[in-house]
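Sequential numbering from 1 along the given sequence is applied to the chain's residues.
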Amino acid sequence: MVKGLLDRAEAAELRRGAHRLLAALDTGEDPTWGAAADLAGGRPTRIQHLHDAQFHSAAFSRLLVDERFTSVAAAVLGGPNVQLHHTKLFVKPPENGSPFPPHQDHPFFPHTHHRVAAAIFHLDDAPEERGCVRIVPGSHRLGPLEHVEEGGHHLPQVPLASALPLPAEAGDVLFFSYLTIHASGVNTSEEARTTWLVQFRDPADPPAVRTHDQSLGQGMMLAGVDPTGRRNA
């Protein structure tokens with residue numbers, strides 16, 4: 001967790017932009033996983049999302065190549081080259097914002113050398129009652145795990161309570177490997193929780209299977225160069 005990577009005024013402006021985009025572009029599709037119902041005690045929940053915000057707002061494009069972000073992303077990957085995989089805005093609405101069961105991101109877009117990671121930009125405060133992110137520390141060392149596909153790729157053998165909650169403030173950014181087991185709880189508060197997810201990789205790490213190719217801008221270099229000449233993009 002990088003505290004205050006963005007200042008609160010920047011985060012607030014991005015939050016306003018995110019909510020404007022969702023109000024203008026939301027199709028009404030609810031990406032809540034079927035497996036989320038167990039975490040919510042059977043109560044209906046909902047979540048809003050938007051892929052590729054950087055293709056709708058230049059503010060998000062600038063953030064992708066902001067050195068405050070890319071310098072940490074490069075350190076996480078252990079090298080100077082950082083390539084975009086995809087981005088997604090999430091808003092957990094008040095009172096019933098959907099949870100995500102424990103899972104790794106690996107099953108959704110597996111790569112050969114597992115040099116793939118995520119950054120979650122917190123655009124408003126995310127205390128535990130707003131359904132903050134939870135992780136299982138050190139779980140990336142377990143390697144790829146077998147997931148249950150029904151209801152969304154998840155790990156029913158990992159209880160939510162075993163994942164460490166990571167409350168965050170507006171402007172904080174959480175970085176983690178796509179092998180890290182993570183989850184989030186229900187937003188039971190009276191305020192929305194707004195985050196921007198950026199998945200990035202080492203451009204020298206080829207996808208193990210072709211998937212998620214619908215993401216706009218996949219293969220864009222955020223830092224450094226692509227030594228493969230875009231053969232992996």
Side-chain angles (χ1 to χ4, degrees), residues 1-2 5-6 10-27 29-33 47-74 76-77 81-92 98 100 103-111 115-124 126 133 152-153 168 170-178 180 182 184 192-203 205 207 210-224 226 230 232-233:
M1 181 79 78
V2 180
L5 188 143
L6 306 177
E10 288 178 287
E13 182 57 34
L14 286 162
R15 182 189 191 279
R16 287 190 288 270
H19 284 254
R20 284 195 296 267
L21 286 177
L22 282 164
L25 301 170
D26 187 17
T27 63
E29 176 192 3
D30 186 342
T32 298
W33 293 4
I47 195 167
Q48 293 177 283
H49 75 157
L50 176 69
H51 288 272
D52 308 315
Q54 73 275 11
F55 278 80
H56 300 284
S57 168
F60 290 96
S61 299
R62 288 190 292 270
L63 191 50
L64 280 175
V65 293
D66 190 310
E67 190 175 1
R68 292 173 296 176
F69 161 60
T70 59
S71 62
V72 181
V76 169
L77 293 178
N81 304 322
V82 181
Q83 187 178 61
L84 178 65
H85 191 267
H86 71 275
T87 75
K88 194 183 298 184
L89 276 172
F90 284 106
V91 174
K92 288 190 180 189
S98 297
F100 283 92
H103 66 283
Q104 297 172 319
D105 289 337
H106 165 268
F108 297 96
F109 37 89
H111 280 61
R115 296 173 61 79
V116 185
I120 295 179
F121 288 79
H122 293 85
L123 305 184
D124 44 31
V133 179
H153 288 84
D172 295 349
V173 182
L174 175 64
F175 293 81
F176 57 92
S177 163
Y178 86 152
T180 300
H182 60 289
S184 65
R193 196 207 76 173
T194 311
T195 55
W196 190 42
L197 169 70
V198 178
Q199 296 276 1
F200 57 92
R201 65 186 176 194
D202 182 336
D205 187 0
R210 299 306 308 189
T211 185
H212 227 284
D213 289 343
Q214 76 278 9
S215 298
L216 296 175
Q218 187 173 139
M220 174 185 175
M221 292 306 299
L222 310 183
D226 181 353
R230 286 186 58 80
N232 292 338

Considering only heavy atoms from C-beta outward, does the side chain of [X] approach that of [Y] to under 4.5 Å?
{"X": "Arg193", "Y": "Thr195", "result": "yes"}
{"X": "Glu10", "Y": "Phe121", "result": "no"}
{"X": "Phe60", "Y": "Thr87", "result": "no"}
{"X": "Phe200", "Y": "Leu84", "result": "no"}
{"X": "Glu29", "Y": "His49", "result": "yes"}
{"X": "Val173", "Y": "Val72", "result": "no"}
{"X": "Arg68", "Y": "Leu6", "result": "yes"}

Can you tell me how far [atom2] of [Y] sits from [atom1] of [X], rounded to the nearest 0.5 angstrom?
{"X": "His19", "Y": "Thr194", "atom1": "NE2", "atom2": "OG1", "value": "3.0 Å"}
{"X": "Gln199", "Y": "Gln218", "atom1": "CD", "atom2": "CD", "value": "10.5 Å"}
{"X": "Lys88", "Y": "Trp196", "atom1": "NZ", "atom2": "CH2", "value": "13.5 Å"}
{"X": "Leu22", "Y": "Phe90", "atom1": "CG", "atom2": "CZ", "value": "11.0 Å"}
{"X": "Asp26", "Y": "Leu50", "atom1": "CG", "atom2": "CG", "value": "8.5 Å"}
{"X": "Leu5", "Y": "Leu174", "atom1": "CG", "atom2": "CG", "value": "11.5 Å"}

Backbone N or O of [Y] within a donor-acceptor pair of the [X] side chain at under 3.5 Å?
{"X": "Ser57", "Y": "Ala53", "answer": "no"}
{"X": "Lys92", "Y": "Ile47", "answer": "no"}
{"X": "Ser61", "Y": "Gln54", "answer": "yes"}

Looking only at heavy atoms, what is the nearest atom pair of [X] and [Y], with distance?
{"X": "Leu89", "Y": "Leu21", "result": "CD1-CD1, 4.4 Å"}
{"X": "Ser184", "Y": "Val133", "result": "CB-CA, 4.1 Å"}
{"X": "Ala126", "Y": "His122", "result": "CB-CD2, 3.7 Å"}
{"X": "Thr70", "Y": "Ala223", "result": "CB-CB, 3.9 Å"}

Pairing residues for His182 by the side-chain hydrogen bond (donor to acceptor under 3.5 Å, both in side chains) criterion, not counting sequence neighbours | His103, Asp105
With sequence neighbours excluded, what pairs up with Arg20 under the side-chain hydrogen bond (donor to acceptor under 3.5 Å, both in side chains) test?
->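 With neighbours one apart ignored, the set is empty.
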Under the side-chain contact (heavy atoms from CB on, under 4.5 Å) test, which residues partner [X], sequence neighbours left out?
{"X": "Leu216", "value": "Asp52, Phe55"}
{"X": "His212", "value": "His85, His86, Phe109, Gln214, Ser215"}
{"X": "Pro207", "value": "His111, Arg201, Arg210, Asn232"}
{"X": "Thr180", "value": "Ile135, Ser139, His140, Phe176, Ser177"}

Salt-bridged, Asp205 to Arg115, with N to O below 4.0 Å?
->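 A salt bridge is absent here (no side-chain N lies under 4.0 Å from a carboxylate O).
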